Amino acid sequence: MMDHDVALYGTNEVPPEMIELRAGPVSATFDSGQLRWIRIGGVEVIRAIAFLVRDRNWSTPATLVTNLELKQGDDSFTLEFDARCPTIDGDFAWHGSFAGDANGTLTCNGFGYPEGDFLTGRTGFVILHPLKGTVGETLSIEHTDGSIERTLMPEAIDPKQMFFDIRAMTHEPLPGLRATIRMEGDAWESEDHRNWTDASLKTYCRPLALPWPYRIAKGQEVRQSVTLRFEGRMPGTTDHNDKVIVKLGDTRGAMPGIGLSVLPEDAAEAARQCQLLKGTGIKHLNCRLDLRNDDWQEAIAPYGALLQETGAEMVLEVILALAGDPLAQLASVANNLGSAGLKPAAVVVTPPQDLVSYPPGIAFPEGVPTYAAIAAAARAAFPGARIGGGMLANFTELNRKRPPDGLFDFIVHATAAMVHAADDHSVMETLEAIGHIIRSTKRFIGDAPYRIGPSHIGNSFNPYGAQVTPNPDNRRMTMARMEPRHRGLFGAAWALGFLSQ
């Protein structure tokens, strides 16, 4: 008999316990060393205040909390705890001291130091603003020099950092009520978390203009604090309504064609499971060939078996080798497919450099084939096929490197649901960002046909580090390819939610 947790989540890993907190009219949830879903008057003001560690591959290890001491009064609380963040380069230990006052003020202090030289992409407090009530609304920013800037949170997803040198941010979660969050101990800047399918806008320390990963020396202290205060018309205490309400909306338009992505390393095993695929009704099968690997031809035969059994059309994804003429490489692929009796209906070609992230201010390497050169080579090698352009990696990279108008028959990008956080709530919350991504993409691709995918919880690539995170113990882990929830009902619910968006 299947384990209940495995049936739901694909893993029997036990999630950490959450603690509900109250400070006057403010409610919050303590979860693994962070305050989440901070609400006042039932309205979410801040999605999270979290002291986080990113390792050199930009994966975020789970925070292990010990020695927790909670004093919860009728309208205030204090929390003291020790925390440890284990990474592939050692652990970062820190101490947290969180408090909530009767007037709704929240104060979060964190300090720690590594026991040995420590390599990290980022270590320190991160603040997440929710999308609802923030996107498109007025925001006041106090910079580190004391100057004040009034601006708007953008509707379209910004590929660059939005705000720099931040000391405090103020917005109005309710009419006449101002919420100010102040950060001390470093300089903060903001970026649009929707780029990575996160349902938040993020303010973080350690500017991206500085090199990363970077080293924190043994014993070097990191000490920071974050304070959230409210001014103006304070609401009464309102409990958040946690009831789940399901409504059936009106049907609009036709169901889009749904495809399946099979990576080359999985092709042989997938071909052995053809019977499971025959009844799915998939319209296309994304078949990937990575020409950086000497054995790339070995996936062709199992792809052929899958295509024959499913009757799906072939969407070919080609990752070019680092060196060599694109046309010669694609001609070799076309010849190998032709020998196997396969003819792709659509083709997407990417140079390997496009699988790596280039943050704002970092130049793309020289010698990379242009979009125009790739499109011309693909059309020559696969006459009659629809030629797509864009990214096999996340929307982030498409937003930063946009294809020219009119060059491709369709535009594509992938998504992943756990670039920054792997807990169940954060993964399901990524569904809030999908509509924002669709609208932002359509702003710059115009009327070009648009394909999203592969889209899944896990990560096929890690554009931000050397590798995706290994997951031999079947856990919830950021930047991992092997994602257990896809074999549970959670994964089914997430996929249905994605499709509904």
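These numbers come from a predicted model, not from an experiment. What's counted below: heavy atoms across the whole structure, side chains too, no hydrogens, waters or symmetry copies.
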Taking atom [atom1] of [X] as the centre, does the number of heavy atoms from other residues, nucleotides or ligands within less than 6.0 Å exceed 12?
| X | atom1 | result |
| --- | --- | --- |
| E265 | CD | yes |
| K401 | NZ | yes |
| E269 | CD | yes |
| R292 | CZ | yes |

Could you tell me whether the side chain of [Y] reaches within less than 4.5 Å of the side chain of [X], counting heavy atoms only?
| X | Y | value |
| --- | --- | --- |
| I411 | L398 | yes |
| M162 | P154 | yes |
| M391 | T396 | no |
| L263 | D290 | no |
| F408 | I387 | yes |
| K278 | E309 | yes |
| R288 | N286 | no |
| L128 | D198 | no |

I'd like to know if the side chain of [X] and the backbone of [Y] have a donor-acceptor N/O pair within less than 3.5 Å.
| X | Y | answer |
| --- | --- | --- |
| T350 | I319 | no |
| N471 | M482 | yes |
| Y204 | G124 | no |
| T60 | A421 | no |
| N57 | S59 | no |
| Q34 | A48 | no |
| T280 | L277 | yes |
| R487 | G10 | yes |
| S440 | I437 | no |
| T180 | T170 | no |

Item to check | Working for side chain to side chain contact (heavy atoms under 4.5 Å, CB included), residues K202 and W188 | outcome: CA-CA 10 Å; K202 181 175 68 175; W188 271 256; over 6 Å; no
Item to check | Candidate pair Y450 and I438, rule side chain to side chain contact (heavy atoms under 4.5 Å, CB included), full reasoning | outcome: CA-CA 9 Å; Y450 177 29; I438 292 171; 4.1 Å; yes
Item to check | Ion pair R476/E13, N-O distance below 4.0 Å | outcome: yes
Next on the checklist: Strictly below 4.0 Å, N to O, side chains only: are D473 and R475 in salt-bridge contact?
Outcome noted: no
Item to check | Aromatic ring pairing H171/H129, orientation class (parallel under 30°, perpendicular over 60°, tilted between) | outcome: perpendicular
Rounded to the nearest 0.5 Å, what separates atom [atom1] in [X] from atom [atom2] in [Y]?
| X | Y | atom1 | atom2 | result |
| --- | --- | --- | --- | --- |
| F230 | I40 | CZ | CD1 | 4.5 Å |
| C85 | L64 | SG | CG | 7.5 Å |
| T203 | Q161 | OG1 | CD | 11.5 Å |
| T478 | L52 | OG1 | CG | 10.0 Å |
| W196 | N459 | CH2 | CG | 13.0 Å |
| I434 | T197 | CD1 | OG1 | 5.0 Å |

Atom of [X], atom of [Y] and distance for their closest heavy-atom approach:
| X | Y | answer |
| --- | --- | --- |
| L407 | A375 | CG-CB, 4.0 Å |
| E397 | A393 | CG-CB, 4.1 Å |
| A179 | V45 | CB-CG1, 3.7 Å |
| M153 | T134 | CB-O, 3.1 Å |
| L306 | C274 | CD2-SG, 3.8 Å |
| K343 | M314 | O-CB, 4.5 Å |

Tell me yes or no: between the side chains of [X] and [Y], is some donor less than 3.5 Å from an acceptor?
| X | Y | answer |
| --- | --- | --- |
| T87 | R56 | no |
| H4 | Y9 | no |
| S426 | R47 | no |

Item to check | L316 and V333: CA distance, side-chain angles, deciding distance, side chain to side chain contact (heavy atoms under 4.5 Å, CB included) verdict | outcome: CA-CA 10 Å; L316 176 66; V333 172; 4.0 Å; yes
Checklist entry - How far apart are the C-alpha atoms of E313 and R386, what are their side-chain angles, what is the distance that settles it, and do they pass the salt bridge (charged side-chain N to carboxylate O under 4.0 Å, His left out) test? => result CA-CA 12 Å; E313 72 173 21; R386 302 187 298 277; 2.6 Å; yes
Item to check | C287 vs V262, side chain to side chain contact (heavy atoms under 4.5 Å, CB included): CA-CA, chis, key distance, verdict | outcome: CA-CA 6 Å; C287 306; V262 178; over 6 Å; no
Checklist entry - Does F51 have any ring-ring contact (aromatic ring centres under 6.0 Å, His included) partners at least two apart in sequence or in another chain, and if so, which? => result W94, F125
Checklist entry - Looking at the rings of W494 and F490, which for Trp means the six-membered one, are their centres under 6.0 Å apart? => result no
